[in-house]
Amino acid sequence: MLDLKLVRSDPDRVRDAMKKKGQGIDLHKLLELDRAARETRTSVEALRHQRKQWNPKKIQGYLAEVLAGRSSLADVANGVLDLPENQPILAQIESGVLELGQGAGQILGVLGRRRKAELAQLEKELAELDLKVRDMELHIPNFPHPSVPVGQSAKENRVVRECGVKQEFRFQPRPHWEIARSLAMIDFDRAPKLAGSGFILFTGPGARLERALVNFMLDLHTENHGFREISGPVLVNRDCMLGTGQLPKFESDMYRIESDDLFLIPTAEASVTNIFRDEILDEAELPIYLTAFSNCFRREAGSYGKQTRGIQRVHQFDKVELVKFVHPDTSYDELEKLLETAGKVLDLLELPYRVLLLCTGDMTFASAKTYDLEVWAPGMDSWLEVSSCSNFEDFQARRARIRFRGQDRKVKFVHTLNGSGLALPRIVAAILETYQKEDGSLAVPRVLRPYMGGLEKISPTG
RNA sequence: GGAGAGGUGGCCGAGUGGUCGAAGGCGCUCGCCUGCUAAGCGAGUGACUGGUGUUGAGCUGGUCCGAGGGUUCGAAUCCCUCCCUCUCCGCCA
């Protein structure tokens with residue numbers, strides 16, 4: 001979410017950003033609604049203010065003034081005592097039928113009921129306007145950072161660098177699904193019996209490789225990169241999804257538990273970033289680095305037939321996520337560091353990869369700048385996205401109200417970042433295709449061996 | 001699932017239907033004092049938001065006491081629903 005004041009004062013910048021990102025809203029309409037809401041708010045607040053001025057003692061005081069002849073009705077309480085409905089009450093007080101206190105009470109009732117009716121209508125209008133403004137606000141994408149290339153599709157992403165060397169094979173490298181099948185690491189035949197297609201059933205060495213990767217990555221990030229490990233729910237509520245920007249736009253992309261209105265997280269970002277929702281942190285606590293392993297769930301509706309061969313695109317996968325909460329001044333340095341942190345995993349696994357700077361049109365809704373890491377998969381002769389590292393600046397922080405108190409005592413929004421470190425199935429695919437041997441066996445990457453009981457090679461068992 | 005207790009500011013914790021954004025404390029900020037530190041003394045210290053404006057100075061309003069409804073002229077305070085926390089019981093991986 002952007003600062004509405006900024007949207008008001010510089011709508012052209014917002015229009016430009018929406019155009020570059022290829023998504024957005026009718027800004028003119030938003031500004032109209034916003035203006036109407038503010039006008040209505042002014043009226044509502046004036047009425048409320050007046051109402052707050054009234055209490056029995058005050059009214060009684062006014063009446064005493066009037067009865068003593070020191071003031072006229074029109075002169076006290078902004079003249080509101082001078083209503084026709086009040087005349088009979090005043091007459092009763094004067095004639096001694098009502099005591100002063102009782103009379104004041106009745107008059108207060110008259111004033112209050114009149115004001116209540118006036119307010120009810122306006123408050124309803126205001127609530128409706130606020131809701132519309134809020135809804136539109138939530139659909140404005142984040143500004144892309146000036147360093148992000150402008151473009152419409154993935155074709156215009158920029159390759160920043162390539163790391164590692166693609167190895168030469170003396171044989172035709174096979175795709176990972178063939179290797180996984182022959183080594184009994186993934187059971188493609190029985191998996192659909194459990195939850196349909198798009199779910200992976202790792203078996204034997206495949207399952208162990210998965211677990212080894214998870215442990216390796218978590219150890220690396222906690223021991224060498226300063227991250228604190230988190231293990232949280234994979235189901236989160238609507239507020240969380242709103243906070244990180246999955247909602248309201250992407251509801252249909254997620255699995256939802258209807259009975260409790262909870263969502264299966266598409267990424268641990270959704271649970272981890274929301275840990276500090278509605279909090280005011282201390283500046284001294286920043287930066288905060290968190291890492292979490294989680295299962296991730298994506299409906300991937302409409303993507304059938306596209307890159308779905310093997311384990312490239314599935315409904316459930318495992319991922320180690322990296323999340324940072326940082327001071328706004330440092331967030332772009334932190335993004336570069338995050339990219340290195342994620343890349344380190346691939347370096348150590350000795351898998352060649354490339355770094356992409358996403359163009360404006362290929363970035364997500366909430367991101368200001370995103371780098372993708374793509375690992376080389378020789379069997380498929382293609383690059384696979386295994387990490388996406390983004391700086392959201394204050395976009396998520398504003399939605400989720402994650403703030404910090406600066407040294408100047410002022411409250412500001414933190415900047416949030418996250419990156420995969422890394423997504424597992426595609427790493428498994430890359431390992432299978434990269435470490436395959438001509439005899440059909442698979443070498444175990446050196447850094448994973450301690451996590452696999454010293455195993456150096458996985459061979460077909462027949 | 002059943003019974004009970006509770007949810008108040010950065011934190012802890014008072015609060016009788018009207019002047020309560022809310023006592024007190026802690027923390028924090030500034031100042032004093034102390035040859036350092038601690039303690040002590042004094043002052044200040046919520047968030048969000050409308051208007052105005054020297055456009056995040058100042059001034060002036062409004063909202064917020066778990067969330068949402070309701071009663072009332074008026075609700076932190078009374079009623080209802082929901083959520084969450086704690087204690088006890090039951091059930092269970």
Side-chain angles (χ1 to χ4, degrees), chain A residues 1-11 13 31 33-63 77-78 80-81 83 85-86 89 98 100-120 122-131 133-134 137 232-240 242-243 257-263 274-286 288 325 328 394 397-414:
Chain A
M1 193 161 64
L2 302 179
D3 185 354
L4 193 53
K5 281 182 199 149
L6 189 64
V7 178
R8 271 179 216 140
S9 64
D10 198 356
R13 189 177 163 208
L31 292 172
L33 287 168
D34 173 51
R35 196 183 46 75
R38 273 147 67 214
E39 276 173 18
T40 309
R41 175 164 288 109
T42 303
S43 313
V44 165
E45 287 177 0
L47 288 177
R48 280 183 186 154
H49 176 61
Q50 209 177 35
R51 184 183 64 186
K52 284 180 78 165
Q53 304 302 103
W54 301 334
N55 65 62
K57 270 188 189 160
K58 240 183 196 171
I59 301 275
Q60 201 171 328
Y62 292 141
L63 290 176
N78 298 316
V80 291
L81 288 185
L83 293 169
E85 303 98 294
N86 284 335
I89 302 171
L98 276 180
L100 193 58
Q102 295 175 311
Q106 291 197 14
I107 283 176
L108 189 60
V110 169
L111 298 183
R113 277 187 289 273
R114 179 178 262 253
R115 186 48 34 93
K116 199 181 188 178
E118 288 170 343
L119 261 175
L122 272 178
E123 281 177 335
K124 193 179 155 212
E125 284 172 26
L126 180 61
E128 283 167 7
L129 285 167
D130 279 344
L131 208 66
V133 169
R134 168 89 179 153
E137 243 186 310
V234 293
L235 281 170
V236 300
N237 59 32
R238 201 164 268 281
D239 281 347
C240 290
L242 213 54
I257 310 296
E258 197 172 351
S259 56
D260 299 281
D261 202 30
L262 294 172
F263 297 84
N274 277 287
I275 289 174
F276 297 114
R277 196 175 73 241
D278 284 312
E279 287 194 35
I280 298 176
L281 303 164
D282 202 53
E283 181 166 346
E285 295 176 70
L286 302 178
I288 297 172
F325 303 84
D394 66 3
R398 194 179 295 281
R399 287 180 163 234
R401 295 165 303 279
I402 306 170
R403 296 165 293 175
F404 71 98
R405 196 176 296 277
Q407 282 170 340
D408 55 5
R409 313 311 301 154
K410 288 196 175 159
V411 174
K412 297 166 214 169
F413 290 106
V414 302

### Spacing of A:Asp278 atom CG relative to B:rC83 atom C1', expressed in whole Å
14 Å
Mind checking [X] for me? I need base, sugar-phosphate or nothing, with any heavy atom below 4.0 Å counting as a touch.
X: A:Arg8; answer: sugar-phosphate
X: A:Arg401; answer: nothing
X: A:Arg114; answer: nothing

### Task
With P as the reference atom in both, quote the distance from B:rU85 to B:rC30 in angstrom, rounded to an integer.
39 Å
### Message
With rounding to the closest Å, how many angstrom separate the C1' atoms on B:rA76 and B:rC64?
### Response
11 Å
Are [X] and [N] close enough that a side-chain N or O sits under 4.0 Å from OP1 or OP2?
X: A:Lys5; N: B:rU55; result: no
X: A:Arg405; N: B:rC28; result: no
X: A:Arg403; N: B:rC48; result: yes

#### Entry: Canonical and wobble pairing (Watson-Crick, G-U, under 3.5 Å) of RNA chain B, dot-bracket with |
((((((((.[[[..)..(.....]]]((((((.......))))))(((((((.....))))))).[[[[[..)....]]]]])))))))....
### Query
When the nearest nucleotide of RNA chain B is assigned to A:Gly112 and to A:Asp3 on a heavy-atom basis, which residue is associated with the more 5' position?
A:Asp3
### Task
Determine, for nucleotides 60-70 of chain B in 5'-to-3' order, which nucleotides have protein heavy atoms under 4.0 Å from the base (write B), from only the sugar-phosphate (write S), or from neither (write -).
-BSS-------
### Query
Just wondering, do A:Arg113 and A:Glu85 contact through their side chains at under 4.5 Å, heavy atoms?
no
### Task
Please name all residues satisfying salt bridge (Lys or Arg N to Asp or Glu O under 4.0 Å) with A:Arg403, sequence neighbours left out, ordered by chain then number.
none
